[in-house]
There are 2 protein chains.
Amino acid sequence: MADGVVERSRPRDRILETARDMFHKHGIKGVGVDAITEAAGTNKMTLYRHFESKDDLIIECLRATASKAGAMWEAFEAEFPGDKLAQLHAWVRKAAEMLKADGRGCDMANAAVELTEPDHPARSVIKELKEAQRDRLVTLCRDAGIGQAELLADTLSLLFEGARVSVQTVGTEGPSAQFVRMAEGLIVSFRGTAAG
Amino acid sequence: MADGVVERSRPRDRILETARDMFHKHGIKGVGVDAITEAAGTNKMTLYRHFESKDDLIIECLRATASKAGAMWEAFEAEFPGDKLAQLHAWVRKAAEMLKADGRGCDMANAAVELTEPDHPARSVIKELKEAQRDRLVTLCRDAGIGQAELLADTLSLLFEGARVSVQTVGTEGPSAQFVRMAEGLIVSFRGTAAG
DNA sequence: CTAGGGTGTTACCGGTCTGTAACGTCACGA
DNA sequence: TCGTGACGTTACAGACCGGTAACACCCTAG
(Lines give C-alpha, C1' and ligand atoms only; values in the text may rest on other atoms or scores of the structure.)
Protein backbone atom coordinates (compact mmCIF):
# COMPACT_ATOMS: atom_id res chain seq x y z
CA MET A 1 0.00 0.00 0.00
CA ALA A 2 2.40 2.67 1.16
CA ASP A 3 5.01 0.78 -0.81
CA GLY A 4 3.48 2.25 -3.90
CA VAL A 5 4.27 5.65 -2.51
CA VAL A 6 7.70 4.66 -1.31
CA GLU A 7 8.91 3.85 -4.80
CA ARG A 8 11.17 6.43 -6.30
CA SER A 9 9.72 9.89 -6.04
CA ARG A 10 10.98 12.88 -4.17
CA PRO A 11 11.03 12.53 -0.39
CA ARG A 12 8.74 15.50 0.11
CA ASP A 13 6.05 13.97 -2.07
CA ARG A 14 6.38 10.60 -0.38
CA ILE A 15 6.09 12.18 3.05
CA LEU A 16 3.03 14.16 2.02
CA GLU A 17 1.19 11.20 0.51
CA THR A 18 2.12 8.86 3.33
CA ALA A 19 1.08 11.38 5.94
CA ARG A 20 -2.24 11.93 4.19
CA ASP A 21 -2.90 8.21 4.17
CA MET A 22 -1.89 7.67 7.78
CA PHE A 23 -3.68 10.73 9.14
CA HIS A 24 -6.78 9.57 7.33
CA LYS A 25 -6.64 6.04 8.69
CA HIS A 26 -5.37 6.58 12.21
CA GLY A 27 -6.14 10.20 12.98
CA ILE A 28 -3.76 13.09 13.36
CA LYS A 29 -2.92 12.61 17.01
CA GLY A 30 -2.72 8.88 16.46
CA VAL A 31 0.29 9.13 14.17
CA GLY A 32 3.76 10.38 15.04
CA VAL A 33 6.25 11.89 12.66
CA ASP A 34 8.59 8.95 13.18
CA ALA A 35 5.94 6.53 11.94
CA ILE A 36 5.24 8.72 8.93
CA THR A 37 8.84 9.02 7.86
CA GLU A 38 9.49 5.35 8.36
CA ALA A 39 6.47 4.41 6.24
CA ALA A 40 7.60 6.92 3.64
CA GLY A 41 11.02 5.33 3.51
CA THR A 42 12.87 8.34 4.83
CA ASN A 43 13.67 9.91 8.17
CA LYS A 44 12.66 12.63 10.55
CA MET A 45 15.35 15.13 9.59
CA THR A 46 14.23 15.12 5.99
CA LEU A 47 10.67 15.75 7.08
CA TYR A 48 11.71 18.78 9.10
CA ARG A 49 13.75 20.11 6.20
CA HIS A 50 10.60 20.23 4.07
CA PHE A 51 7.99 21.13 6.67
CA GLU A 52 8.33 23.65 9.46
CA SER A 53 6.48 21.48 11.94
CA LYS A 54 3.93 18.72 12.23
CA ASP A 55 1.21 21.37 12.16
CA ASP A 56 2.61 22.63 8.87
CA LEU A 57 2.56 19.10 7.49
CA ILE A 58 -1.04 18.71 8.62
CA ILE A 59 -2.03 21.88 6.77
CA GLU A 60 -0.28 20.79 3.59
CA CYS A 61 -2.07 17.44 3.79
CA LEU A 62 -5.42 19.17 4.10
CA ARG A 63 -4.66 21.37 1.10
CA ALA A 64 -3.68 18.31 -0.91
CA THR A 65 -6.92 16.60 0.05
CA ALA A 66 -8.92 19.63 -1.01
CA SER A 67 -7.02 19.75 -4.25
CA LYS A 68 -7.92 16.14 -5.01
CA ALA A 69 -11.55 16.92 -4.22
CA GLY A 70 -11.36 19.82 -6.66
CA ALA A 71 -10.18 17.45 -9.37
CA MET A 72 -13.31 15.41 -8.74
CA TRP A 73 -15.48 18.39 -9.66
CA GLU A 74 -13.58 18.87 -12.87
CA ALA A 75 -14.17 15.21 -13.68
CA PHE A 76 -17.90 15.79 -13.32
CA GLU A 77 -17.74 18.69 -15.76
CA ALA A 78 -15.69 16.61 -18.18
CA GLU A 79 -18.14 13.71 -18.01
CA PHE A 80 -21.31 15.80 -18.35
CA PRO A 81 -20.24 19.02 -20.05
CA GLY A 82 -22.75 21.76 -19.39
CA ASP A 83 -25.32 19.39 -17.89
CA LYS A 84 -25.33 20.69 -14.33
CA LEU A 85 -28.17 18.48 -13.18
CA ALA A 86 -26.32 15.39 -14.34
CA GLN A 87 -23.26 16.65 -12.50
CA LEU A 88 -25.31 17.00 -9.34
CA HIS A 89 -26.47 13.41 -9.63
CA ALA A 90 -22.90 12.38 -10.28
CA TRP A 91 -21.94 14.09 -7.04
CA VAL A 92 -24.56 12.06 -5.19
CA ARG A 93 -23.29 8.82 -6.70
CA LYS A 94 -19.70 9.71 -5.92
CA ALA A 95 -20.62 10.60 -2.35
CA ALA A 96 -22.39 7.29 -1.86
CA GLU A 97 -19.40 5.49 -3.31
CA MET A 98 -17.10 7.18 -0.81
CA LEU A 99 -19.40 6.18 2.02
CA LYS A 100 -19.16 2.52 1.15
CA ALA A 101 -15.53 2.45 0.14
CA ASP A 102 -14.00 3.85 3.28
CA GLY A 103 -15.03 3.70 6.88
CA ARG A 104 -13.35 6.93 7.81
CA GLY A 105 -14.89 10.33 7.28
CA CYS A 106 -13.82 13.62 5.80
CA ASP A 107 -10.22 14.48 6.61
CA MET A 108 -11.07 18.11 7.28
CA ALA A 109 -13.97 17.30 9.56
CA ASN A 110 -11.91 14.72 11.40
CA ALA A 111 -9.11 17.23 11.79
CA ALA A 112 -11.54 19.78 13.20
CA VAL A 113 -12.63 17.22 15.77
CA GLU A 114 -9.07 16.44 16.81
CA LEU A 115 -7.55 19.92 16.76
CA THR A 116 -9.62 21.62 19.40
CA GLU A 117 -7.46 24.65 20.18
CA PRO A 118 -9.45 27.59 18.78
CA ASP A 119 -6.36 29.25 17.33
CA HIS A 120 -4.75 26.17 15.87
CA PRO A 121 -3.26 27.16 12.49
CA ALA A 122 -5.13 24.37 10.73
CA ARG A 123 -8.55 25.59 11.82
CA SER A 124 -8.65 28.62 9.55
CA VAL A 125 -7.49 26.46 6.65
CA ILE A 126 -10.23 23.93 7.33
CA LYS A 127 -12.86 26.65 7.42
CA GLU A 128 -11.59 28.22 4.22
CA LEU A 129 -11.54 24.91 2.33
CA LYS A 130 -14.93 23.81 3.62
CA GLU A 131 -16.51 27.11 2.63
CA ALA A 132 -15.04 26.81 -0.85
CA GLN A 133 -16.55 23.33 -1.21
CA ARG A 134 -19.91 24.63 -0.04
CA ASP A 135 -19.77 27.48 -2.57
CA ARG A 136 -19.09 24.99 -5.29
CA LEU A 137 -22.11 22.88 -4.44
CA VAL A 138 -24.32 25.97 -4.17
CA THR A 139 -23.19 27.15 -7.60
CA LEU A 140 -23.84 23.73 -9.07
CA CYS A 141 -27.37 23.65 -7.64
CA ARG A 142 -28.07 27.17 -8.85
CA ASP A 143 -26.73 26.46 -12.36
CA ALA A 144 -28.88 23.34 -12.41
CA GLY A 145 -31.88 25.64 -12.26
CA ILE A 146 -32.92 24.85 -8.72
CA GLY A 147 -34.82 27.56 -6.91
CA GLN A 148 -33.61 27.43 -3.35
CA ALA A 149 -30.11 26.44 -4.37
CA GLU A 150 -28.45 27.44 -1.10
CA LEU A 151 -30.92 25.46 0.97
CA LEU A 152 -30.59 22.35 -1.15
CA ALA A 153 -26.81 22.59 -1.21
CA ASP A 154 -26.65 23.05 2.55
CA THR A 155 -29.05 20.16 3.13
CA LEU A 156 -27.05 17.86 0.90
CA SER A 157 -23.85 19.00 2.60
CA LEU A 158 -25.16 18.20 6.04
CA LEU A 159 -26.57 14.88 4.90
CA PHE A 160 -23.26 13.82 3.43
CA GLU A 161 -21.28 15.11 6.37
CA GLY A 162 -23.59 13.29 8.73
CA ALA A 163 -23.35 10.11 6.72
CA ARG A 164 -19.56 10.22 6.82
CA VAL A 165 -19.72 10.48 10.59
CA SER A 166 -22.38 7.82 10.85
CA VAL A 167 -20.29 5.20 9.09
CA GLN A 168 -17.66 5.74 11.75
CA THR A 169 -20.06 5.09 14.61
CA VAL A 170 -22.52 2.45 13.38
CA GLY A 171 -21.02 1.36 10.09
CA THR A 172 -22.24 1.33 6.52
CA GLU A 173 -25.45 -0.56 7.34
CA GLY A 174 -26.78 2.29 9.47
CA PRO A 175 -28.65 5.43 8.42
CA SER A 176 -26.00 6.26 5.83
CA ALA A 177 -27.19 3.29 3.76
CA GLN A 178 -30.19 5.42 2.74
CA PHE A 179 -28.08 8.37 1.62
CA VAL A 180 -28.80 8.07 -2.10
CA ARG A 181 -32.52 7.75 -1.59
CA MET A 182 -32.52 10.79 0.71
CA ALA A 183 -30.44 12.92 -1.64
CA GLU A 184 -32.35 11.99 -4.77
CA GLY A 185 -35.63 12.62 -3.00
CA LEU A 186 -34.47 16.05 -1.95
CA ILE A 187 -33.36 16.96 -5.46
CA VAL A 188 -36.73 15.90 -6.87
CA SER A 189 -38.52 17.82 -4.19
CA PHE A 190 -36.49 20.99 -4.76
CA ARG A 191 -36.90 20.75 -8.52
CA GLY A 192 -40.64 20.51 -8.01
CA THR A 193 -40.76 23.79 -6.15
CA ALA A 194 -38.17 25.40 -8.39
CA ALA A 195 -38.57 28.91 -9.71
CA GLY A 196 -35.76 28.65 -12.25
CA MET B 1 -17.15 25.83 35.76
CA ALA B 2 -15.43 22.72 37.00
CA ASP B 3 -15.48 24.35 40.41
CA GLY B 4 -19.14 23.51 40.54
CA VAL B 5 -18.19 19.91 40.17
CA VAL B 6 -15.26 20.14 42.54
CA GLU B 7 -17.44 21.10 45.48
CA ARG B 8 -18.13 18.32 47.87
CA SER B 9 -19.26 15.22 46.12
CA ARG B 10 -17.62 11.86 45.91
CA PRO B 11 -14.32 11.77 44.03
CA ARG B 12 -15.59 9.25 41.52
CA ASP B 13 -18.46 11.50 40.51
CA ARG B 14 -16.21 14.53 40.29
CA ILE B 15 -13.74 12.66 38.09
CA LEU B 16 -16.50 11.41 35.82
CA GLU B 17 -18.12 14.81 35.35
CA THR B 18 -14.83 16.61 34.93
CA ALA B 19 -13.59 14.05 32.43
CA ARG B 20 -16.82 14.33 30.46
CA ASP B 21 -16.44 18.07 30.29
CA MET B 22 -12.79 18.04 29.33
CA PHE B 23 -13.10 15.23 26.79
CA HIS B 24 -15.95 17.14 25.24
CA LYS B 25 -14.05 20.41 25.01
CA HIS B 26 -10.53 19.27 24.20
CA GLY B 27 -10.97 15.80 22.77
CA ILE B 28 -10.02 12.48 24.29
CA LYS B 29 -6.41 12.40 23.17
CA GLY B 30 -6.06 16.07 24.01
CA VAL B 31 -6.55 15.50 27.72
CA GLY B 32 -4.34 13.54 30.08
CA VAL B 33 -5.41 11.86 33.27
CA ASP B 34 -3.28 14.25 35.30
CA ALA B 35 -5.18 17.22 33.94
CA ILE B 36 -8.50 15.56 34.67
CA THR B 37 -7.71 14.70 38.27
CA GLU B 38 -6.25 18.12 38.95
CA ALA B 39 -9.37 19.84 37.57
CA ALA B 40 -11.50 17.46 39.61
CA GLY B 41 -9.63 18.39 42.76
CA THR B 42 -8.18 14.97 43.34
CA ASN B 43 -5.25 12.90 42.13
CA LYS B 44 -4.27 10.16 39.76
CA MET B 45 -4.23 7.34 42.28
CA THR B 46 -7.85 7.94 43.21
CA LEU B 47 -8.78 7.86 39.54
CA TYR B 48 -7.14 4.48 39.08
CA ARG B 49 -8.85 3.15 42.19
CA HIS B 50 -12.23 3.84 40.56
CA PHE B 51 -11.45 3.14 36.91
CA GLU B 52 -9.39 0.33 35.48
CA SER B 53 -7.76 2.50 32.84
CA LYS B 54 -8.24 5.65 30.83
CA ASP B 55 -10.14 3.60 28.28
CA ASP B 56 -12.49 2.46 31.02
CA LEU B 57 -13.01 6.07 32.07
CA ILE B 58 -13.77 7.01 28.46
CA ILE B 59 -16.43 4.31 28.25
CA GLU B 60 -18.04 5.39 31.50
CA CYS B 61 -18.11 8.97 30.23
CA LEU B 62 -19.86 7.89 27.04
CA ARG B 63 -22.43 5.93 29.02
CA ALA B 64 -23.05 8.94 31.23
CA THR B 65 -23.53 11.13 28.18
CA ALA B 66 -26.00 8.65 26.70
CA SER B 67 -27.82 8.53 29.99
CA LYS B 68 -28.22 12.31 30.01
CA ALA B 69 -29.51 12.15 26.47
CA GLY B 70 -32.01 9.55 27.58
CA ALA B 71 -33.26 11.92 30.26
CA MET B 72 -33.90 14.45 27.51
CA TRP B 73 -36.32 12.07 25.83
CA GLU B 74 -38.18 11.57 29.06
CA ALA B 75 -38.45 15.34 29.39
CA PHE B 76 -40.14 15.45 25.99
CA GLU B 77 -42.67 12.86 27.08
CA ALA B 78 -43.29 14.77 30.30
CA GLU B 79 -43.80 18.04 28.46
CA PHE B 80 -46.07 16.66 25.74
CA PRO B 81 -47.60 13.47 27.19
CA GLY B 82 -48.81 11.23 24.43
CA ASP B 83 -48.38 13.88 21.73
CA LYS B 84 -45.63 12.22 19.71
CA LEU B 85 -45.65 14.80 16.96
CA ALA B 86 -45.10 17.59 19.46
CA GLN B 87 -42.26 15.57 20.95
CA LEU B 88 -40.68 15.28 17.51
CA HIS B 89 -40.82 19.03 17.07
CA ALA B 90 -39.38 19.42 20.55
CA TRP B 91 -36.51 17.21 19.47
CA VAL B 92 -35.87 19.49 16.52
CA ARG B 93 -35.87 22.57 18.73
CA LYS B 94 -33.58 20.91 21.25
CA ALA B 95 -31.21 19.84 18.51
CA ALA B 96 -31.04 23.37 17.12
CA GLU B 97 -30.41 24.70 20.59
CA MET B 98 -27.49 22.33 21.05
CA LEU B 99 -26.05 23.43 17.74
CA LYS B 100 -25.96 27.06 18.80
CA ALA B 101 -24.99 26.53 22.40
CA ASP B 102 -21.83 24.56 21.89
CA GLY B 103 -19.29 24.49 19.13
CA ARG B 104 -18.31 20.91 19.74
CA GLY B 105 -20.17 17.96 18.32
CA CYS B 106 -21.51 14.70 19.64
CA ASP B 107 -19.21 13.08 22.19
CA MET B 108 -19.75 9.65 20.72
CA ALA B 109 -19.11 10.73 17.16
CA ASN B 110 -16.03 12.65 18.22
CA ALA B 111 -14.78 9.63 20.13
CA ALA B 112 -15.28 7.46 17.06
CA VAL B 113 -13.16 9.88 15.08
CA GLU B 114 -10.36 9.85 17.62
CA LEU B 115 -10.32 6.17 18.58
CA THR B 116 -9.42 4.62 15.27
CA GLU B 117 -8.30 1.16 16.36
CA PRO B 118 -11.03 -1.18 15.10
CA ASP B 119 -11.05 -3.23 18.30
CA HIS B 120 -10.89 -0.37 20.75
CA PRO B 121 -13.20 -1.23 23.65
CA ALA B 122 -15.09 2.04 23.27
CA ARG B 123 -16.10 1.39 19.69
CA SER B 124 -18.65 -1.31 20.46
CA VAL B 125 -20.11 0.88 23.19
CA ILE B 126 -20.42 3.80 20.78
CA LYS B 127 -22.17 1.64 18.23
CA GLU B 128 -24.53 0.22 20.80
CA LEU B 129 -25.49 3.62 22.18
CA LYS B 130 -25.88 5.21 18.76
CA GLU B 131 -28.13 2.40 17.59
CA ALA B 132 -30.28 2.80 20.69
CA GLN B 133 -30.67 6.51 19.97
CA ARG B 134 -31.62 5.77 16.39
CA ASP B 135 -34.23 3.25 17.51
CA ARG B 136 -35.72 5.83 19.78
CA LEU B 137 -36.08 8.38 17.01
CA VAL B 138 -37.55 5.76 14.67
CA THR B 139 -40.10 4.77 17.29
CA LEU B 140 -41.01 8.40 17.89
CA CYS B 141 -41.56 8.99 14.18
CA ARG B 142 -43.62 5.84 13.83
CA ASP B 143 -45.77 6.65 16.87
CA ALA B 144 -46.29 10.11 15.43
CA GLY B 145 -48.08 8.42 12.57
CA ILE B 146 -45.49 9.01 9.91
CA GLY B 147 -45.43 6.53 7.08
CA GLN B 148 -41.78 6.06 6.24
CA ALA B 149 -40.70 6.44 9.84
CA GLU B 150 -37.31 4.81 9.40
CA LEU B 151 -36.40 6.97 6.46
CA LEU B 152 -37.43 10.19 8.19
CA ALA B 153 -35.63 9.22 11.38
CA ASP B 154 -32.47 8.33 9.49
CA THR B 155 -32.62 11.55 7.49
CA LEU B 156 -33.06 13.66 10.59
CA SER B 157 -30.26 11.74 12.28
CA LEU B 158 -27.84 12.38 9.45
CA LEU B 159 -28.86 16.04 9.22
CA PHE B 160 -28.25 16.58 12.91
CA GLU B 161 -25.02 14.61 12.90
CA GLY B 162 -23.82 16.58 9.90
CA ALA B 163 -24.80 19.86 11.52
CA ARG B 164 -22.84 19.01 14.64
CA VAL B 165 -19.80 18.38 12.51
CA SER B 166 -20.37 21.46 10.42
CA VAL B 167 -20.34 23.81 13.39
CA GLN B 168 -16.88 22.48 14.16
CA THR B 169 -15.53 23.27 10.71
CA VAL B 170 -17.29 26.45 9.56
CA GLY B 171 -19.11 27.57 12.68
CA THR B 172 -22.74 28.23 13.52
CA GLU B 173 -23.27 30.60 10.58
CA GLY B 174 -22.68 27.85 8.02
CA PRO B 175 -25.11 25.26 6.65
CA SER B 176 -26.14 24.22 10.16
CA ALA B 177 -27.92 27.57 10.56
CA GLN B 178 -30.68 26.19 8.34
CA PHE B 179 -31.14 23.02 10.38
CA VAL B 180 -34.58 23.86 11.76
CA ARG B 181 -35.93 24.83 8.37
CA MET B 182 -34.59 21.62 6.83
CA ALA B 183 -35.94 19.40 9.60
CA GLU B 184 -39.36 21.03 9.73
CA GLY B 185 -39.64 20.86 5.95
CA LEU B 186 -38.82 17.17 6.03
CA ILE B 187 -41.42 16.45 8.69
CA VAL B 188 -44.07 18.30 6.71
CA SER B 189 -43.08 16.45 3.57
CA PHE B 190 -43.18 13.04 5.24
CA ARG B 191 -46.50 13.80 6.91
CA GLY B 192 -47.90 14.69 3.51
CA THR B 193 -47.03 11.32 2.07
CA ALA B 194 -47.95 9.45 5.23
CA ALA B 195 -49.97 6.32 5.16
CA GLY B 196 -50.55 6.17 8.89
C1' DC C 1 -10.41 3.65 71.47
C1' DT C 2 -9.42 1.17 67.57
C1' DA C 3 -9.45 -0.82 63.11
C1' DG C 4 -10.06 -0.20 58.40
C1' DG C 5 -11.34 1.75 54.15
C1' DG C 6 -11.23 5.76 51.25
C1' DT C 7 -8.30 9.33 50.13
C1' DG C 8 -4.06 12.36 49.38
C1' DT C 9 1.02 12.75 48.41
C1' DT C 10 5.31 11.84 46.37
C1' DA C 11 8.17 9.55 43.59
C1' DC C 12 8.91 6.78 40.04
C1' DC C 13 8.80 3.51 35.59
C1' DG C 14 8.99 2.89 30.77
C1' DG C 15 7.41 4.62 26.78
C1' DT C 16 6.25 8.12 23.23
C1' DC C 17 6.08 12.60 21.48
C1' DT C 18 7.95 16.87 18.67
C1' DG C 19 11.95 18.93 17.40
C1' DT C 20 17.15 19.65 16.99
C1' DA C 21 22.38 19.01 16.61
C1' DA C 22 26.18 17.02 14.51
C1' DC C 23 28.07 14.37 11.30
C1' DG C 24 28.40 11.20 7.12
C1' DT C 25 27.24 10.08 2.47
C1' DC C 26 26.22 10.50 -2.24
C1' DA C 27 25.14 12.51 -6.75
C1' DC C 28 25.60 16.01 -9.84
C1' DG C 29 27.22 20.15 -12.08
C1' DA C 30 30.77 23.60 -12.93
C1' DT D 1 38.21 17.62 -9.38
C1' DC D 2 35.97 20.06 -6.31
C1' DG D 3 32.18 21.69 -3.88
C1' DT D 4 27.51 22.21 -3.07
C1' DG D 5 23.19 20.76 -1.71
C1' DA D 6 19.94 17.10 -0.73
C1' DC D 7 19.51 13.25 1.97
C1' DG D 8 20.52 9.63 5.66
C1' DT D 9 22.01 8.29 10.50
C1' DT D 10 22.58 8.61 15.24
C1' DA D 11 21.95 10.65 19.33
C1' DC D 12 19.74 13.54 22.19
C1' DA D 13 16.79 17.18 24.61
C1' DG D 14 12.70 18.21 27.06
C1' DA D 15 8.19 17.37 27.68
C1' DC D 16 4.25 14.53 28.31
C1' DC D 17 1.89 10.17 28.58
C1' DG D 18 -0.56 6.10 31.19
C1' DG D 19 0.04 3.55 35.11
C1' DT D 20 2.07 1.85 39.75
C1' DA D 21 4.36 1.53 44.51
C1' DA D 22 4.73 2.98 49.06
C1' DC D 23 3.30 5.52 52.64
C1' DA D 24 0.74 9.06 55.42
C1' DC D 25 -3.66 10.75 56.69
C1' DC D 26 -8.43 11.14 58.32
C1' DC D 27 -13.11 9.94 59.04
C1' DT D 28 -16.26 6.81 60.55
C1' DA D 29 -18.22 2.43 62.24
C1' DG D 30 -17.88 -0.85 65.59
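Among residue pairs with one or both ends in residues 39-56 of chain A, those qualifying as salt bridge (charged side-chain N to carboxylate O under 4.0 Å, His left out) are A:Asp34-A:Lys44; sequence neighbours excluded. Screening residues 62-73 of chain B for salt bridge (charged side-chain N to carboxylate O under 4.0 Å, His left out) gives B:Arg63-B:Glu128 as the qualifying pairs, with residues at least two apart or on separate chains. The stretch residues 108-117 of chain A participates, sequence neighbours left out, in no salt bridge (charged side-chain N to carboxylate O under 4.0 Å, His left out) pair at all. Counting only residues at least two apart or in different chains, side chain to side chain donor-acceptor pair (under 3.5 Å) contacts with residues 172-187 of chain A comprise A:His89-A:Glu184, A:Gln178-A:Arg181. Screening residues 91-103 of chain B for side chain to side chain donor-acceptor pair (under 3.5 Å) gives B:His24-B:Asp102 as the qualifying pairs, with residues at least two apart or on separate chains.
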Only distances under 3.5 Å count here; give the side-chain donor-acceptor pairs of residues 71-78 of chain A to other protein atoms, sequence neighbours excluded, each with its distance to 0.1 Å.
from: A:Glu77; atom 1: OE1; to: A:Lys84; atom 2: NZ; distance (Å): 3.1
from: A:Glu77; atom 1: OE1; to: A:Gln87; atom 2: NE2; distance (Å): 2.8
from: A:Glu77; atom 1: OE2; to: A:Gly82; atom 2: N; distance (Å): 3.2

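In the hydrophobic clustering, where aliphatic and aromatic side chains (Ile, Leu, Val, Met, Phe, Trp, Tyr) are joined below 4.5 Å either directly or transitively, B:Val113 groups with A:Val113. Through chains of ILVMFWY side-chain contacts below 4.5 Å, A:Val165 is grouped with B:Val165. Cluster partners of B:Phe80, using a side-chain heavy-atom cutoff of under 4.5 Å among ILVMFWY residues and allowing indirect links: none.
For the helix from C:dC1-D:dG30 to C:dA30-D:dT1, the end axes, each set by the C1' atoms of five terminal pairs, are bent relative to each other by 0° (nearest 10°).
For C:dT7, the OP1/OP2 oxygens have no side-chain nitrogen or oxygen of B:Thr46 closer than 4.0 Å.
The stretch residues 109-126 of chain A does not touch DNA chain D, since none of its heavy atoms comes less than 4.0 Å from the strand.
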All N/O contacts under 3.5 Å from nucleotides 16-25 of chain C to the protein, with atom names and distances to one decimal?
from: C:dT18; atom 1: OP1; to: A:Lys54; atom 2: NZ; distance (Å): 2.8
from: C:dT18; atom 1: OP2; to: A:Val33; atom 2: N; distance (Å): 2.9
from: C:dG19; atom 1: OP2; to: A:Tyr48; atom 2: OH; distance (Å): 2.8
from: C:dG19; atom 1: OP2; to: A:Lys54; atom 2: N; distance (Å): 2.7
from: C:dG19; atom 1: N7; to: A:Lys44; atom 2: NZ; distance (Å): 3.2
from: C:dG19; atom 1: O6; to: A:Lys44; atom 2: NZ; distance (Å): 2.4

